[in-house]
Amino acid sequence: MHDIKWIRDNKTLFDKAMARRKLNTIADQALEIDKNRRDCVVELQKLQTQRNEASKTIGNARANGNETMANFSINLVADIKKTIKEGEVRERELTSQLNNFLLQLPNIMFDDVPDGADEDENIEMHKVGTPKKFDFEPKQHFDIGEDLGQMDFEIAAKMSGSRFVVLKSDLARLERALANFMLDLHTQEYDREEVVVPLLVNDHALVGTGQLPKFEEDMFKTTDGKYLISTSEVSLTNLVRETTLAESDLPKRYTSYSYCFRSEAGSAGRDTRGMIRQHQFSKVEMVSITHPDHSEAEQLLMLEAAELVLKRLDLAYRVVKLCSGDTGFGAKRTFDIEVWLPGQNQYREISSVSNCGDFQARRMGAKFKDTEGKTRFLHTLNGSGLAIGRTIVAILENYQTKNGDVEIPKVLQPYMGGKTITNAKK
RNA sequence: GGAGAGGUGGCCGAGUGGUCGAAGGCGCACGCUUGGAAAGCGUGUAGGCGGUUCUCCCGUCUCGUGGGUUCGAAUCCCAUCCUCUCCUCCA
């Protein structure tokens, strides 16, 4: 959410920033509501001052036994109160009108974010590793998984519908192994605090991180008005909602392994086969809460940690900086990590690392007191480290062998208790 | 689901109709003290919004939220959300 005062003082800058998001004449719209609201407030406060003075007069007059004076003021107050009531109603309306408007507006992107319409205009930052060559035609992950007899889309569809999967045996264990491997890395090497979070949250939490009010159709909603989280970024970031931290508390670094739920409304026809795009998937998430001066460095640190996961798994990947058209609502800048998938013969997103600046912090009242005693908004960042489902996909496709087995990456072998995944029934 | 208790400043916690935005403590900041530190002592320390002669000041709102009673409410009444305790149930 944006600071209306900042918009007032930086109208041109703000409009320029919104134009990059394909939004025009936003400042004027916001400032008109703002103007109405402030006029209303000034008017209301005048009346309140009058009322308060008259009330004081009543007390004094009574104390001095001046009943005439007291009665006169009582009548006066009664009149003013009627007008005040109307003013209050109007002020509340205008305030929520302004709020609702501001809540719909996306974050301002950093200048280094390139202009562009969609993912085709993202900029490649660097590549690590080389795409693996096979002396046979590499299969896609769903064929590998089904041939192993450990990945079942049909039975999942029977009980849950499309975009669900059942994993069994070693593939089920692989999910758990990956979660442990990633959590160990983030907690032991990056000093992140491991957290188990609620998967079901209320609407306030989602307004805080920016999923609401604009993207409700992407969420699953329960009959009692709660929502399944679409990422544990929601729960982790909300750990600091409505608090004022001390500067010495910063930074806060969290990590969580959790399931995520997305309705994938609007994704009809995309990645319909396989595990790439599911209604339910798991992810190890990183969230950092930082001092405004440190969020830039923190984003790089987070990216480094996510990359390290892929390096340890010995998977080829590239890092791209998202262009304006692909950068999410709440982000000032996003780096995606795309892993090489031999079966698809292309790089696919496996992690997304975003700096949100104070955008989310404003929405949820997450503040800290700096060393001068001033209260300021925190900066929040989030990144996947990594999406587990897509990591399974990457391992299957990159570590497949000619006979249909899948080798287990070295770092995972202690977690898997073996070196190869095979079809035991063959 | 049944019964009860409670929601106050960064935190803890007093306050049951009128100079209460709110005692006290903790924390924090600054100063004194010290060779230095701790302890001790002193001073200061809520947030939002608005105005402004804009590092000052003024006004206004805020004691979970919304409504009501009253000249006047943190304090009384109603509704609502949340938390806790006991019972019931349950992984």
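Below, chain A is the first sequence line, B the second, and so on; all start at residue 1. It should be emphasised that the depicted structure is a prediction, and the values quoted were computed from it without experimental measurement. Worth knowing before you read on, the calculation uses all heavy atoms, side chains too, and leaves out hydrogens, waters and symmetry mates.
Taking only side-chain atoms of Thr49(A), from C-beta outward, the nucleotide of G10(B), G59(B), C61(B) with the closest atom is G59(B).
Tested against Glu298(A) for a side chain to side chain donor-acceptor pair (under 3.5 Å), the candidates His291(A), His379(A), Arg253(A) yield a single pass: Arg253(A). Here the options are Cys260(A), Ser232(A), Ser351(A), the test is side-chain contact (heavy atoms from CB on, under 4.5 Å), and the partner is Ser384(A); only Ser351(A) passes.
A cation-pi geometry, defined here as NZ or CZ lying under 6.0 Å from the six-membered ring centre and within 45° of its normal, holds between Lys332(A) and Phe110(A).
Separating the CD atom of Glu43(A) from the C1' atom of G59(B) is a distance of 14 Å, rounded to the nearest angstrom. Rounded to whole angstrom, the span from the CZ atom of Phe368(A) across to the C1' atom of C28(B) amounts to 15 Å. At whole-Å resolution of the value, CZ in Arg51(A) and C1' in U70(B) are 13 Å apart.
Nucleotides A74(B) and U19(B) place their P atoms 9 Å apart, quoted to the nearest Å. The gap from the C1' atom of G21(B) to that of U75(B) amounts to 14 Å, rounded to the nearest Å. Distance noted for atom C1' between C28(B) and C11(B): 11 Å (whole Å). Taking atom P in both G6(B) and G10(B), one finds a spacing of 24 Å when rounded to whole Å. The separation of C63(B) from A22(B), taken at their P atoms, amounts to 14 Å, rounded to a whole angstrom. Nucleotides A46(B) and C12(B), compared at atom C1', are 15 Å apart to the nearest Å.
Contact detail for Ser230(A) and Gln211(A): the closest heavy-atom pair is OG-CG, 3.9 Å. The nearest pair of heavy atoms linking Ala331(A) to Arg21(A) is O-NH2, 2.9 Å. Contact between Asp336(A) and Ser352(A) at its shortest, heavy atoms only, is OD1-OG, 2.8 Å.
No more than 12 heavy atoms of other residues, nucleotides or ligands lie within 6.0 Å of NZ in Lys35(A), so this atom counts as exposed by the packing criterion.
Map Lys46(A) and Thr243(A) each onto its nearest nucleotide of RNA chain B; the residue landing nearer the 5' end is Thr243(A).
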Walk along nucleotides 44-52 of chain B from 5' to 3' and tag each nucleotide B, S or - by protein heavy-atom contact under 4.0 Å, base first, then sugar-phosphate. ---S-BSS-
